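The structure appears right after this line, and notes come after that.
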There are 2 protein chains.
Amino acid sequence: MSIKKVAQLAGVSTATVSRYLNNPEQVKEHTRRKVQAAIDETGYAPNTLARNFRRGRTSLIVVVLPTVGDPFLDNVMRGIWRVADELGYSILIRDTQSNSHEFDEYTDMVFSKQADGILLLASISPFEEPTDRKSSNKVHPPIVLGLESVTAELNQFPSVRVDNVAAAADGTDYLIQLGHHRIGFIAGKRNSLLTHDREKGFRKAMRKAKLSVDSGWVVEGEQTLEGARRAARRLLTHKQRPTAIFCANDEMALGAIHEIKNAGLKIPQDISVIGFDDIRYAEIMDPPLTTIAQPAEEIGERTMRRLCQAIDGTDTDAEPEIVPHKLIVRKSTGTAPR
Amino acid sequence: MSIKKVAQLAGVSTATVSRYLNNPEQVKEHTRRKVQAAIDETGYAPNTLARNFRRGRTSLIVVVLPTVGDPFLDNVMRGIWRVADELGYSILIRDTQSNSHEFDEYTDMVFSKQADGILLLASISPFEEPTDRKSSNKVHPPIVLGLESVTAELNQFPSVRVDNVAAAADGTDYLIQLGHHRIGFIAGKRNSLLTHDREKGFRKAMRKAKLSVDSGWVVEGEQTLEGARRAARRLLTHKQRPTAIFCANDEMALGAIHEIKNAGLKIPQDISVIGFDDIRYAEIMDPPLTTIAQPAEEIGERTMRRLCQAIDGTDTDAEPEIVPHKLIVRKSTGTAPR
DNA sequence: TTGTACGCGTTATCAA
DNA sequence: TTGATAACGCGTACAA
């Protein structure tokens with residue numbers, strides 16, 4: 001009833017008020033003034049609910065991520081937000097930690113018009129079955145994947161990420177160049193493709209250098225500080241202690257560093273540590289953490305842009321977009337002991 | 001047109017389909033089956049847009065926070081999410097960093113039905129003027145404040161937080177007990193009431209102990225790692241170097257620790273450092289950071305619950321809710337040197 | 001227990 | 001340049 005009231009007060013039709021709001025240039029100066037006066041007087045604000053309903057879009061994007069409070073995602077989100085603001089979208093955040101991991105749960109948000117598109121920054125279970133009724137007779141919703149590698153079922157969607165395999169191989173190569181032969185790896189969660197790819201890169205580089213990877217040298221760190229600390233303790237008590245540890249992300253590297261120092265060992269003299277992501281705490285660690293940097297903000301920006309294109313139907317290209325990674329050498333790595 | 005199709009296919013009216021969806025018990029078993037079959041066949045999902053429009057509510061809550069990627073907010077968000085899930089709300093996140101700081105911008109989201117309520121976890125400018133047309137002839141929207149202290153204009157809203165003044169005073173007392181007389185303070189941003197209160201508590205405790213606070217001992221750290229590092233450097237080069245530094249939050253404490261060690265000083269032998277928040281990195285610092293813990297998850301839960309009450313109109317009480325803080329003594333603080 | 005029919009506030013189409 | 005009016009999809013009061 002609200003636009004009506006304004007119209008009534010201004011002595012014009014609702015159509016004119018609507019036009020004034022959406023296409024002011026179509027309204028004569030004189031009329032504009034009247035309408036604006038009525039709006040001021042009533043304190044009218046258009047009902048977004050009705051507007052979205054009419055337009056059939058929410059201007060909402062769901063960003064699915066593993067957990068907020070991950071300092072790495074901070075920068076990614078910054079990039080996303082910049083584009084979102086620019087293009088008039090709001091961001092709805094869901095974390096897979098407290099929510100379900102079902103892909104359908106998120107796609108349904110689009111089908112039921114809760115959101116216009118989905119930005120997937122986490123590994124989640126893909127469609128239940130490709131032949132599934134729901135997924136087969138519906139158009140694929142606008143989805144873009146960021147950071148994560150994709151499973152076969154998902155590679156139909158655009159994605160933006162670094163080459164995690166190559167990046168991890170680079171990091172491993174660097175450790176090998178420093179003379180390390182026994183290298184441990186603290187892996188992420190088993191269902192995370194991203195950390196799985198990093199492990200793959202690690203193993204690949206080791207194989208290429210003809211170095212063996214003792215099964216006890218690869219430990220799950222659960223992608224948390226705590227998990228990494230447990231993992232590090234296990235590595236340190238291994239009968240053949242590694243002289244270097246590659247952590248699948250910086251968060252886990254921080255935990256590992258703590259435990260190594262706690263055990264009375266020196267970094268990098270006794271053990272070298274390398275991480276992945278280059279979060280802001282990497283630099284202020286003691287010692288500053290050697291790591292592999294991703295262009296986080298850029299990834300955020302690009303995924304968001306592609307998502308908007310997907311929503312508009314202008315993204316025809318489903319090729320994954322690979323952005324460059326970069327090895328950042330600090331003080332947590334050094335030549336192998338002895 | 002969608003519910004119509006289902007109704008048609010099931011051979012019932014749209015009203016029956018709607019009832020089946022919202023009040024299944026009002027529909028006869030036999031009819032239910034038919035409707036469900038039709039839904040399955042079409043893959044129908046109710047249009048949330050239309051539903052929200054009809055119901056006049058979005059089931060969306062806007063959480064306004066300074067910046068994502070703050071590890072402290074991680075826990076607060078966890079609490080918020082738990083309640084949100086339970087009560088069927090989705091969370092829309094806005095950060096004040098990339099968005100405007102205008103209070104009206106957020107209240108307008110409620111007035112325009114973009115969201116049902118607002119959870120304010122950041123300091124922002126309150127209403128422009130209390131006599132302002134907009135704010136005066138409109139009902140106050142459902143808003144709850146968390147973490148932050150409030151200005152006079154905002155204390156009409158419910159809030160949940162620790163007593164930052166008392167907590168900071170406690171921390172300061174502890175340092176004084178350790179024999180420190182020259183204590184520095186790394187403050188947050190000038191517009192943050194929260195860190196301002198902590199500074200107030202610090203000064204209060206100092207005054208009570210009849211210790212003077214050199215003007216050069218209170219430095220702004222901008223609530224960032226970088227800002228704190230600059231602040232710490234300034235404190236270290238002060239002609240009368242403090243023997244202890246109170247940081248208005250842990251993030252800044254981490255930066256300060258780094259700079260102090262960089263300058264070749266020992267913590268806590270040369271300088272003690274104390275933080276605020278007890279983020280997860282506090283414990284793994286070298287040395288582990290003494291700090292003041294807030295019950296983050298609980299704060300998140302309670303603010304969210306009160307917000308839902310405010311939305312339902314069942315929160316009559318606007319008394320601020322104060323939750324307990326706790327001093328966590330670790331190794332970054334020790335007796336004053338000499 | 002089910003069906004009919006109206007209205008929610010907005011935008012878009014068409015005619016004036 | 002403006003006005004009348006039909007949709008958008010759903011929920012519900014009321015009637016059957």
Side-chain angles (χ1 to χ4, degrees), chain A residues 1-39 41-60 88 90 108-116 138, chain B residues 1-39 42-60 88 108-116 138:
Chain A
M1 193 78 91
S2 221
I3 203 178
K4 271 193 202 165
K5 247 195 296 200
V6 176
Q8 207 172 345
L9 205 80
V12 300
S13 73
T14 60
T16 302
V17 178
S18 177
R19 266 190 295 262
Y20 169 71
L21 257 24
N22 301 296
N23 308 88
E25 69 281 1
Q26 293 181 16
V27 178
K28 207 159 70 178
E29 171 65 23
H30 176 67
T31 318
R32 273 187 240 174
R33 303 259 292 272
K34 281 195 299 184
V35 175
Q36 182 56 53
I39 290 179
E41 194 174 330
T42 53
Y44 165 74
N47 182 326
T48 317
L49 239 32
R51 174 177 280 180
N52 288 343
F53 169 52
R54 178 61 232 237
R55 290 185 174 152
R57 59 196 309 255
T58 56
S59 296
L60 241 47
S90 289
D108 277 350
M109 296 188 73
V110 173
F111 292 134
S112 66
K113 310 281 186 188
Q114 273 179 71
D116 293 342
K138 278 179 183 165
Chain B
M1 194 78 90
S2 222
I3 203 177
K4 271 192 202 164
K5 246 195 296 199
V6 176
Q8 207 173 343
L9 205 80
V12 300
S13 74
T14 60
T16 302
V17 178
S18 176
R19 270 189 292 261
Y20 169 73
L21 257 25
N22 301 296
N23 307 86
E25 69 281 1
Q26 291 181 18
V27 178
K28 205 159 70 178
E29 170 64 23
H30 176 68
T31 317
R32 272 189 239 173
R33 304 258 292 272
K34 282 196 299 185
V35 175
Q36 182 57 54
I39 289 179
T42 54
Y44 166 74
N47 183 326
T48 318
L49 241 31
R51 176 176 277 181
N52 287 344
F53 170 53
R54 178 64 231 260
R55 291 184 176 153
R57 60 196 306 253
T58 55
S59 297
L60 241 46
D108 277 350
M109 295 188 74
V110 173
F111 291 134
S112 67
K113 310 280 186 189
Q114 270 178 76
D116 292 342
K138 276 177 183 166

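Values in this document were obtained by computation on a predicted structure and should not be read as measured data.
For the pair A:Arg32 CZ and D:dT1 C1', the computed distance is 11 Å after rounding to whole Å. Between A:Lys28 atom NZ and D:dG3 atom P the separation is 10 Å, expressed in whole Å. A:Tyr20 places its OH atom 21 Å from the P atom of C:dG9, with the value rounded to the nearest Å. The nearest whole Å value for the distance from the CD1 atom in A:Ile3 to the C1' atom in D:dG3 is 13 Å. Atom CG of B:Asn22 and atom P of D:dT12 are 7 Å apart (whole Å). A:Arg57 places its CZ atom 14 Å from the C1' atom of C:dT11, with the value rounded to the nearest Å. Summarising the geometry, the separation between CG on A:Asn23 and C1' on C:dT13 is reported as 14 Å, rounded to the nearest angstrom. In this structure, CZ of B:Arg51 is placed 16 Å from C1' of D:dC8, rounded to the nearest angstrom.
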Taking only nitrogen or oxygen atoms into account, show me every contact under 3.5 Å that the protein makes with nucleotides 5-7 of chain D, one pair per line with its distance.
| residue | atom | partner | partner atom | Å |
| --- | --- | --- | --- | --- |
| D:dA7 | N3 | A:Arg54 | NH1 | 3.0 |

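For A:Arg32, the salt bridge (charged side-chain N to carboxylate O under 4.0 Å, His left out) partners at least two apart in sequence or on another chain are A:Glu29.
At the heavy-atom level, B:Arg19 lies under 4.0 Å from base atoms of the strands shown. Here B:Thr16 lies in heavy-atom contact (under 4.0 Å) with sugar-phosphate atoms only.
Closest to the side chain of B:Ser18, out of D:dG11, C:dT11, C:dT1, is D:dG11. With distances taken from any side-chain atom of A:Phe53 to the nucleotides C:dT11, D:dC8, D:dG3, the minimum falls on D:dC8.
Counting heavy atoms from C-beta on, the side chains of B:Ser2 and B:Asn47 never come closer than 4.5 Å. The side-chain heavy atoms of B:Val35 and B:Val27, taken from C-beta on, include no pair separated by under 4.5 Å. You'll find the side chain of B:Leu60 stays beyond 4.5 Å of the side chain of B:Asp116, heavy atoms only. At a threshold of 4.5 Å between non-hydrogen side-chain atoms, the residues A:Tyr20 and A:Ser18 do not count as touching.
Taking side-chain N and O atoms only, B:Arg55 has a distance below 4.0 Å to OP1 or OP2 of D:dG11.
Along DNA chain D, the nucleotide closest to B:Asn47 and the one closest to A:Gly11 are compared, and the more 5′ of them pairs with A:Gly11.
Within the structure, no pair that satisfies the salt bridge (Lys or Arg N to Asp or Glu O under 4.0 Å) test touches residues 13-28 of chain A, not counting sequence neighbours.
Panel note: side chain A:Asn23, backbone A:Gln26; no donor-acceptor pair is recorded below 3.5 Å.
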